[in-house]
Structure formats: structure tokens, C-alpha cells
A.B. asks: 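This is the structure I want to talk about, given as C-alpha cells.
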Amino acid sequence: MQPISTKPTPPSDDKRWRIVTATMRRHGFRPDALIETLHSVQEAFGYVDDEAMRFVARGLQLPPSRVYGAATFYNYFMLKPQGEHTCVVCLGTACYIKGAAEVLEQLQLLTGVKPGETTPDKKVSLLSARCMGACGLAPVVVLDGEVNGMASPEALTAKVEEWTHHD
Amino acid sequence: MIEERPLYIPEQNIVLEHNHEIDPEQLDDYFKIDGFAALNHVLTEMTPPEVIDQLSRSGLRGRGGAGYPTGLKWQTVAKAQGSPKYVICNGDEGDPGAFMDRNVMEAYPFKVLEGMTIAAYAIGASQGFIYVRAEYPLAVQRLKNAIRQMEKHNYLGKNIAGTPFSFDIDVRLGAGAFVCGEETALIASIEGRRGNPRPRPPYPAEHGLFGCPTLINNVETFANVAPILRNGAEWFASIGTEKSKGTKVFALSGRIARAGLIEVPMGTTLREIVFEIGGGIPDGKAYKAVQTGGPSGGCIPSDYLDVPVDYESLLNLGSFMGSGGMIVMDETSCMVDVARYFMEFCMSESCGKCVPCRVGTAQMYQLLTKIVHGDATLNDLALLETLCDMVRTTSLCGLGQGAPNPVMSTLRYFRDEYIAHIVEKRCPAGVCPVHKHVQQEVSA
Ligand SMILES: Cc1cc2nc3c(=O)[nH]c(=O)nc-3n(C[C@H](O)[C@H](O)[C@H](O)COP(=O)(O)O)c2cc1C
Ligand code: SF4
Ligand code: FES
């Protein structure tokens, strides 16, 4: 755990880079801090773009290809900015058995986008997931980080319409 | 985040404790359920070989899927040459429909960490990692909090409880790759790399994290450790069946009246689990199957509801204990559709490192798609069976090796449903889009 004193220069003076640098420092700028650092980027900025990957590569002294390889391997990392609101539909087995496919179809119709996409007005990102660990409440939809069990199409429609039509 | 209350707890609860006065964020509360009694006893009165001997005699087997004897694994790591040694707790819980480990980490974080610390003493490790899915933020928060409190009270860190033994634990986050639950992929992930599995041997016990001897066990396995050392190997071995000792936590979900977590002695029958504890199938529907073992598992039909559940009996039925997810299906589920669902899962989660799994899962998925659309012939079915065999025997890791299992198990018990789709162009459960195909040309 030998900390390196020369810290990498962030791409901009955005304060959030300090959080990322702090994560790398906590791990002594070792290469095994890569996943933790990518998590820290995503938490601070909401997604991991090329600029962030180059910064992390410099900080951990890794080839950019290795950082890119890891960021694209792990589904949790978003490579593009997300919409104002996120809607994650669980497609795990328990939810599937209880009609998650229909729930997803309904949300696709409502938003006009497919899982992994964001509406053109940047209001809503539609995502799918493999089990949220809340299978007892299947089918599960996570709206802006909040778990909604026994997702009824009516309630979801109301929520999504609120997002797309107001504010 | 939702708090899950255990649905049912037997007389002999080991992993889940029926005590709602325990605050999982307070170390002091953990004392109320004999917290750290086992660790104190082990550190002051037992040698590492004595600890391993207790574990071996208890008959505890890994709760992460394959049921490997825990004592034997500990012994191998203890004997392995090389230092430092590492302890890893696998909290990746990737099987869809499984949420036991989430609950255990959220409700009993100290118990899991105590188990890891005892393991570290037994095998001679000084650093541990607990690898948790990023999708479980509450578990991560509670584990981090528990680690801080244990450090403050000297149950972690240097010279634990005034003994020469020192041990630290760090939390590592998963990042949404199912294959990272596989032990060699998980290790690659902690090392900051892509989670590609590698061939075994060498096993992590000899060549694990950073090339060092590494013990890797599941969350529930570690949660059993302190109770065993508190109450003795004989007590634990008196619960369960001949070869599967203790209890098992299952996550009941799907078409069931009462979904939730249960802890039952090994050897409890599926009928007791589904109909007595889970309250049976709702809406007057008929039971069709229970799926166990996740994407490597199988579907068990009603003929076998009276089989006692343990590692061996599930394997004999062509399924798998897995981590403990049980998804109940009724007559409204089509077994071919379910098989296709799992194949889609394996196809998209395949890491792509080896050809049989990368290409084979895609081909099997296409064949299953043909079947559900009513486009397949009996030759396609024969080809599917050949592929199952090939992918099972030639894939590098458990993901590929297990991928054909849902197909093989549904073919074993529900072959008539496959035949109905192929020959009669009919989905008996009315789920698949075959009918449309007969009337008009509709593409998927
Ligand atoms: C594709 C795949 C996924 C796995 N996922 C998990 C998992 O989520 N949790 C787990 O404990 N073990 C998982 N395992 C099993 C681990 O490789 C390993 O055997 C286990 O963590 C050992 O712990 P145990 O001996 O206590 O069961 C998985 C294996 C494979 C092949
Ligand atoms: S079997 Fe599949 S998941 Fe496992 S190493 Fe091969 S391609 Fe990767
Ligand atoms: S399957 Fe959807 S929460 Fe588990």
C-alpha cells in the first residue's frame, strides 16, 4: 500500500474529479483499484465516458485499452449520460414468471424507446436488469432508485406520464 | 430498499434469527445473539487445525451451489504453500430469483464477517474481501458499517481481542456481470480485470487472488461458521440428511401464495416447502414445476414433490441446489418458453472466452426460438439435444457447462410440451406465439 505522491491531473477543474482521485489514492493507485475507481466515476458523474477512462488509465498507469475493456465488460457501467429519470424493469426469473415481459412492453410503448435507450427529450432512460433481489415482490420495477413491487401497469403509466409531461 | 421478513423459521434456525430487536447496524445488539462468542472462543482456546476439524466434522457444505465440503476446502488452503493468504466471501448472488444472501448480508452483517474472521484464523490469512453486487446498496452500506465497528472494538485489525492474530476485511463491488459469481472470474474482478474465468486446476485454494492461496466461500456458508463453533460439530451434524447437514435458506417466489425467505432443515420435502410453508399455488391454479439452481438448474415436476431436498436428491432429479432460489410455476407457464428464457440469459451473460459456450448458447437459443414460434422440426430437436451434450462437456466454466441444464431438465419431464410446439404447432400453456404462425405469416 505505497501511495504515489504524483497525482494525475484531472481533465477539468470540476470538483467531482477529486472524489475519483481520492478513490485511487485510497488504493495506492494500484491497478486492482480499477473497478472501484470506475464505480467512483459513475457515482460522481452518472456515467463513464472516454475522457474519464483516459484519466483513470493515467492515474492507475494502465493502458487505456484495459480500462476500456473493463468498463465495457461490466454492464453496471453506463457509457452515456442517462435521462433525468430512470426506469429499470427486472427481467429476472421470478419477475418473468409474473409477467415482466408485458410490463416492459408497456413501458416501451409509453416511452417509445427500447431498454438501454433514453427518450430524445432526455427525460427517461429505460433499462432492464437481472433480478433486483426483491423477487418476493415480483414483478419489480425500479423508478429513480426506488423499488416498486407488484408493479401494476396503471401505476407505472401514471408515473411515467408525470415524468414525460410535466417539469 | 425493502426489508424482507423471514416467512418461516424452523425450531433450529442457524442462519436467520427470529429477533426483530436486533439492529443490524449496532455491534452491541449482535452480542444479544451470542455475537463474537465463537470468535473469542476460537482465538483463545482453539488451534487452527482444531477449528478446521470442527468444521469438517460438522458436515457443512458450500451454500454457493456445488456443495463442496467446507472443512476440506479450508484444510487445502491452510496447507497450501505461499503467503499472504486471502479469504473471499462471495456475495455476488447472481442467480435471478435468489435473494437469500442479500437478506443475510443486510440483516446479519456481523455474523458473516465473524465467520470470515474465524476462517482467516483457521487458514492463516491476514486480508479478506467481501465481494457484493453493486445492485445491493443497503448490504454494502451495512457491511461497511459493521467492518468499521468491528475495527473500533478490535474484532478486526491488529491483534484481535488481544491475541497475536490480525485480520482486515475490505468490501469490493461487483458491476453487473453474472459470470463474476464464478470464483476465478470473481478473483479477476477483485484484481481490477475483466471477469473472465480461467481453467481450474490450479484451484484458488492454491493459486487464487494475486496468485496466492485463497479461500472462497459463499455468504451463507460463512454465516453458518460461528453457530457451528458455538454449538459444536455434533449439534450441526444432527440436523439434516445423511450427506447434507444443517439447514438451507431458500428464496420462494413465482406463482406462490406466500413468497419470501425460508430456512428449513436439509431434507425437507418440496411439498412441505411449496404447499405448507408457501401456502400453495394461488388463484386455484395447478402446480406445474419448481425451478431450482438458477440458469444452471432445472424444473422439478409434481411427481417428485415428496423427495427430500438435499444436494444429492436435486442432482438426481437433473436439477441443482444452486444458491437457493426456488421459483414456482403453475399451468400458465410454458416449459419451452422457460427453457428459452434461461438460454437467453446464458447467451447474454456468456463472457465469450470459449467457443462452445459463446457459439453454442446462441445456436441453442435460435433453435428454442424456432420451437416456440412453431417453425421447428423434429430434426431441430435432435440437433438441440446434441448441442446440449456438446456445450455441457466442452465449456470452460460452470456457466457454459450448466447452460444446457434447463433444456435437458424440461426435455426430461415436459417433452410432450416440446412435441406439441413442433408437431401440433400448439403451445399447451397458451404462452408462445405459435398459433399466430399457423394462421398468418407473422415474424417474431
Ligand atoms: C456462472 C457461475 C456463477 C456463480 N455464482 C455464484 C454466486 O453468485 N454466489 C456464490 O456464492 N457462488 C457462485 N458460484 C459458485 C462459486 O464459483 C464458488 O463455487 C462458491 O462461491 C464457493 O463457495 P461455497 O463452497 O461456500 O459454496 C457460481 C459459479 C458459476 C460457475
Ligand atoms: S463457459 Fe462461457 S462464461 Fe465460462 S469461460 Fe467459457 S465463454 Fe466464458
Ligand atoms: S427476479 Fe425480479 S427481483 Fe428477483
Side-chain angles (χ1 to χ4, degrees), chain A residues 1 23-24 26-27 30-40 42-43 48 56 60 62 65-78 88 90-101 127-140 142 145-150, chain B residues 1-2 4 7 93-103 106 133-137 139 170 172-178 180 189-196 209-210 251-256 258-261 291 294-295 325 327-330 332-333 337-338 341-342 344-345 348-349 351:
Chain A
M1 291 234 178
T23 303
M24 295 196 276
R26 199 166 55 245
H27 293 274
R30 288 188 319 267
D32 60 270
L34 178 54
I35 315 288
E36 292 291 305
T37 309
L38 292 175
H39 271 298
S40 155
Q42 177 148 315
E43 201 166 302
V48 184
V56 172
L60 302 177
L62 288 169
S65 61
R66 187 153 149 214
V67 177
Y68 183 78
T72 51
F73 179 87
Y74 294 99
N75 298 326
Y76 196 78
F77 299 126
M78 301 293 162
V88 188
C90 176
L91 296 180
T93 323
C95 293
Y96 184 74
I97 294 297
K98 296 200 99 176
L127 300 160
S128 66
R130 305 289 200 187
C131 191
M132 314 299 299
C135 327
L137 305 171
V140 171
V142 182
E146 198 178 308
V147 175
N148 286 259
M150 321 270 183
Chain B
M1 280 283 131
I2 353 110
E4 207 90 33
L7 197 61
E93 191 159 64
D95 286 2
F99 52 100
M100 307 75 48
D101 294 349
R102 172 174 78 88
N103 179 270
E106 287 176 3
R133 295 181 79 189
E135 289 87 343
Y136 291 176
D170 279 332
R172 284 289 179 273
L173 289 191
F178 172 70
C180 284
S189 183
I190 296 183
E191 290 171 350
R193 295 185 286 119
R194 292 164 66 104
N196 289 115
L209 187 60
F210 305 117
L252 267 184
S253 66
R255 299 281 176 189
I256 182 122
R258 291 194 293 270
L261 284 181
Q291 206 278 344
I327 300 128
V328 181
M329 299 173 194
D330 66 17
T332 62
S333 286
D337 179 64
V338 167
Y341 167 83
F342 281 111
E344 193 274 330
F345 183 94
S348 33
E349 295 298 331
C351 81

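When reading the values below, keep in mind they use all heavy atoms of this one structure, side chains included, and skip hydrogens, waters and symmetry mates.
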A.B. asks: Side chain from CB out, backbone as N, CA, C, O: work out which of these in A/Arg130 comes under 4.5 Å of a heavy atom of chain B, or both, or neither.
C.D. replies: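 Its backbone and side chain both get close to chain B.
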A.B. asks: Check whether any side-chain N or O of A/Asn75 sits under 3.5 Å from a backbone N or O of B/Gly176 as a donor-acceptor pair, and report yes or no.
C.D. replies: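 Yes, the answer is positive, given that a donor and an acceptor are paired below the 3.5 Å cut-off.
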A.B. asks: At a 4.5 Å cut-off on heavy atoms, which part of A/Leu91 comes close to chain B: side chain, backbone, both, or neither?
C.D. replies: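 Contact with chain B involves the backbone of A/Leu91 alone.
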A.B. asks: Quick check: closest heavy atoms across A/Lys98 and B/Arg255, and the distance to 0.1 Å?
C.D. replies: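 For A/Lys98 and B/Arg255, the tightest heavy-atom pair comes out as CA-NH2, 4.0 Å.
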A.B. asks: Tell me whether B/Arg194 contacts the main-chain N or O of A/Phe73 through its side chain, where contact means a donor paired with an acceptor under 3.5 Å.
C.D. replies: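 Such a contact is absent between B/Arg194 side chain and A/Phe73 backbone.
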A.B. asks: I need the minimum non-hydrogen distance between A/Gly92 and B/Pro96, along with the two atoms involved.
C.D. replies: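 Heavy atoms only, the tightest pair is CA-CB, 3.7 Å.
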A.B. asks: Would you mind telling me which of B/Cys351, B/Ser253, B/Pro295, B/Ser333 has the largest number of heavy-atom pairs within less than 4.5 Å of chain A?
C.D. replies: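 Counting heavy-atom pairs under 4.5 Å, the top option is B/Ser253.
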A.B. asks: Between B/Ala98 and A/Cys135, which heavy-atom pair has the shortest distance, and what is it?
C.D. replies: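 That closest heavy-atom pairing would be N-SG, 3.9 Å.
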A.B. asks: Side chain, backbone, both or neither: which part of B/Arg133 has an atom under 4.5 Å from a heavy atom of chain A?
C.D. replies: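 The side chain, not the backbone.
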A.B. asks: Give, as side chain, backbone, both or neither, the part of B/Ser189 having an atom under 4.5 angstrom from any heavy atom of chain A.
C.D. replies: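 For B/Ser189, backbone and side chain are both near chain A.
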A.B. asks: Closest approach of B/Gly254 and A/Ala94, non-hydrogen atoms and distance?
C.D. replies: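 For B/Gly254 versus A/Ala94, the nearest heavy atoms are N-CB, 4.4 Å.
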A.B. asks: Would A/Tyr76 and B/Glu135 count as a side chain to side chain contact (heavy atoms under 4.5 Å, CB included) if you check the C-alpha gap in whole Å, the side-chain angles of each, and the deciding distance to 0.1 Å?
C.D. replies: CA-CA 9 Å; A/Tyr76 196 78; B/Glu135 289 87 343; 4.3 Å; yes
A.B. asks: Check whether B/Val338 gets within reach of chain A through its side chain, its backbone, both or neither, counting any heavy atom under 4.5 Å.
C.D. replies: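 Looking at B/Val338, just its side chain touches chain A.
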A.B. asks: Select one option (side chain, backbone, both, neither) describing which atoms of B/Ala251 are under 4.5 Å from chain A's heavy atoms.
C.D. replies: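 B/Ala251 has no heavy atom closer than 4.5 Å to chain A.
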A.B. asks: For A/His39 and B/Ala175, work out which heavy atoms get closest and say how close.
C.D. replies: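 Reported closest heavy-atom pair: NE2-CB, 3.9 Å.
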A.B. asks: Rounded to the nearest 0.5 Å, how far does OH of B/Tyr136 lie from CE of A/Met132?
C.D. replies: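 Atom-to-atom, A/Met132:CE and B/Tyr136:OH are 9.0 Å apart.
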A.B. asks: A/Tyr96 and ring-ring contact (aromatic ring centres under 6.0 Å, His included): which partner among B/Phe342, B/Phe345, B/Tyr341?
C.D. replies: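 Result: among B/Phe342, B/Phe345, B/Tyr341, B/Tyr341 is the only option passing the ring-ring contact (aromatic ring centres under 6.0 Å, His included) with A/Tyr96.
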A.B. asks: Measure B/Glu349 against the heavy atoms of chain A and call it side chain, backbone, both or neither at under 4.5 Å.
C.D. replies: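 The side chain, not the backbone.
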A.B. asks: Hey, is the main chain of B/Gly195 close enough, under 3.5 Å, to the side chain of A/Tyr74 for a donor-acceptor pair?
C.D. replies: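 Indeed, once roles are kept as given, a pair shorter than 3.5 Å links the two residues.
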A.B. asks: Rounded to the nearest 0.5 Å, how far apart are CG of B/Leu209 and CG of A/Asp32?
C.D. replies: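 The CG atom of B/Leu209 sits 8.0 Å away from the CG atom of A/Asp32.
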A.B. asks: How about A/Ile97 and B/Asp330: do any of their side-chain heavy atoms sit closer than 4.5 Å?
C.D. replies: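 The answer is no; the side chains never approach within 4.5 Å.
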A.B. asks: Tell me, for B/Ile327 versus chain A, whether the close heavy atoms (under 4.5 Å) come from the side chain, the backbone, both or neither.
C.D. replies: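 Looking at B/Ile327, just its side chain touches chain A.
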